[in-house]
Amino acid sequence: QLILDSYSIQMLSVQPDTKPKGCAGCNRKIKDRYLLKALDKYWHEDCLKCACCDCRLGEVGSTLYTKANLILCRRDYLRLFGVTGNCAACSKLIPAFEMVMRAKDNVYHLDCFACQLCNQRFCVGDKFFLKNNMILCQTDYEEGLMKEGYAPQVR
């Protein structure tokens, strides 16, 4: 759904020899050096703003979101229309705009994405294992396999 509601923002140089374009936000002619093109319309940089927080959308990225006749930044779009879920580790609600970690169908707060036996946090590049719906570090996973009576295959 997020893809359907997102649109790109292009910053374009205003060519001095072309007729000034009208701004979709304020209806005045755009006489600045640059203009924004979004939703097949042209905008002053100051006029293309989030309806909730008033941030200038050309400054916060190259994408805007629109729904229910509102033009929004990503954070406000997700806050208003995004899907919230519960963390698979702590069971508390995860707001839609918050960064998450995923393992198969499970979603985790960034702080909760740690081995559920030894609480070791994972760094970029670390292996983790999902066993019986628990996230495990490599050491705890391999120890569990040893206790079950078979050694992991080393490749």
Side-chain angles (χ1 to χ4, degrees), residues 1-13 23-26 32 34-155:
Q1 176 171 349
L2 191 60
I3 307 302
L4 298 176
D5 297 331
S6 68
Y7 298 87
S8 67
I9 302 170
Q10 293 175 286
M11 180 172 277
L12 305 171
S13 293
C23 174
C26 69
D32 304 349
Y34 296 99
L35 58 78
L36 298 176
K37 183 177 182 186
L39 303 170
D40 290 325
K41 298 175 185 167
Y42 298 95
W43 310 77
H44 288 105
E45 289 179 82
D46 285 341
C47 292
L48 188 59
K49 296 188 291 192
C50 173
C52 283
C53 71
D54 245 15
C55 72
R56 289 168 48 163
L57 294 170
E59 287 180 358
V60 296
S62 58
T63 308
L64 64 79
Y65 300 82
T66 181
K67 193 164 183 138
N69 290 327
L70 296 171
I71 293 175
L72 302 162
C73 67
R74 182 176 192 275
R75 184 178 174 91
D76 284 323
Y77 173 83
L78 288 173
R79 189 173 56 78
L80 293 170
F81 302 109
V83 178
T84 58
N86 288 54
C87 176
C90 74
S91 301
K92 291 183 182 158
L93 192 71
I94 304 174
F97 56 81
E98 199 169 292
M99 295 287 282
V100 296
M101 294 297 289
R102 292 181 188 276
K104 291 200 176 171
D105 295 333
N106 294 347
V107 183
Y108 303 86
H109 292 105
L110 289 182
D111 289 342
C112 294
F113 195 71
C115 177
Q116 290 177 292
L117 289 179
C118 70
N119 293 322
Q120 173 192 320
R121 295 276 304 273
F122 296 104
C123 298
V124 174
D126 285 351
K127 284 185 180 177
F128 72 88
F129 298 84
L130 196 59
K131 182 148 173 75
N132 300 330
N133 231 18
M134 285 177 60
I135 315 170
L136 302 172
C137 66
Q138 189 164 2
T139 306
D140 286 328
Y141 175 73
E142 289 174 357
E143 282 179 10
L145 289 179
M146 296 296 236
K147 287 177 187 165
E148 291 174 13
Y150 59 92
Q153 290 183 336
V154 179
R155 294 184 186 190

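Both backbone and side-chain heavy atoms feed into the values below; hydrogens, waters and symmetry mates do not.
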With sequence neighbours excluded, give me every salt bridge (Lys or Arg N to Asp or Glu O under 4.0 Å) pair touching residues 86-110. none
Any chance you could lay out the side-chain contact (heavy atoms from CB on, under 4.5 Å) test for Asp5 and Phe81, step after step, and finish with the verdict? CA-CA 10 Å; Asp5 297 331; Phe81 302 109; 5.9 Å; no
Could you tell me which non-hydrogen atom of Leu70 sits nearest to which non-hydrogen atom of Thr66, and how far apart they are? O-OG1, 2.8 Å
Distance check, rounded to the nearest 0.5 Å: Gln10 atom CD versus Ser62 atom OG? 10.0 Å
Which is it for Asp111 and Arg121 under the side-chain contact (heavy atoms from CB on, under 4.5 Å) test, yes or no, and what are the steps along the way? CA-CA 8 Å; Asp111 289 342; Arg121 295 276 304 273; 3.6 Å; yes
Spacing of Leu72 atom CG and Arg79 atom CZ [to the nearest 0.5 Å]: 8.5 Å
With rounding to the nearest 0.5 angstrom, report the CD1 to CD distance, Ile9 to Glu59. 10.5 Å
Rounded at 0.5 Å granularity, tell me how far CD1 in Ile71 sits from OH in Tyr7. 10.5 Å
Which atom pairs, donor and acceptor, lie under 3.5 Å between side-chain atoms of residues 38-55 and protein residues at least two apart or in another chain?
residue: Trp43; atom: NE1; partner: Ala38; partner atom: O; Å: 3.1
residue: His44; atom: NE2; partner: Lys29; partner atom: O; Å: 3.3
residue: Asp46; atom: OD1; partner: Arg56; partner atom: NH1; Å: 2.7

Verify, without hydrogens or angle tests, whether Asp126 (side chain) and Cys123 (backbone) share a donor-acceptor contact under 3.5 angstrom. yes
Find the distance between CG (Leu36) and SG (Cys23) and round it off to the nearest 0.5 Å. 9.0 Å
Which pair of non-hydrogen atoms, one from Asn86 and one from Ser91, has the smallest distance, and what is that distance? ND2-O, 2.9 Å
What pairs meet the ring pair (Phe, Tyr, Trp, His ring centres under 6.0 Å) rule with one or both residues in residues 103-124, with sequence neighbours excluded? Tyr108-Phe113, Phe113-Phe122, Phe113-Phe128, Phe122-Phe128
Can you name the closest pair of heavy atoms from Cys115 and Asp140 and give their distance? SG-OD2, 3.1 Å
Could you walk me through whether Val60 and Arg74 pass side-chain contact (heavy atoms from CB on, under 4.5 Å), step by step? CA-CA 9 Å; Val60 296; Arg74 182 176 192 275; over 6 Å; no
Nearest heavy-atom contact between Ile94 and Val100 is CG2-CG1, 3.5 Å
Heavy-atom closest pair (Tyr141 atom, Lys131 atom, distance to 0.1 Å) is CE1-CD, 3.7 Å
In this structure, CE of Met101 is separated from CD1 of Ile135 (nearest 0.5 Å) by 8.5 Å
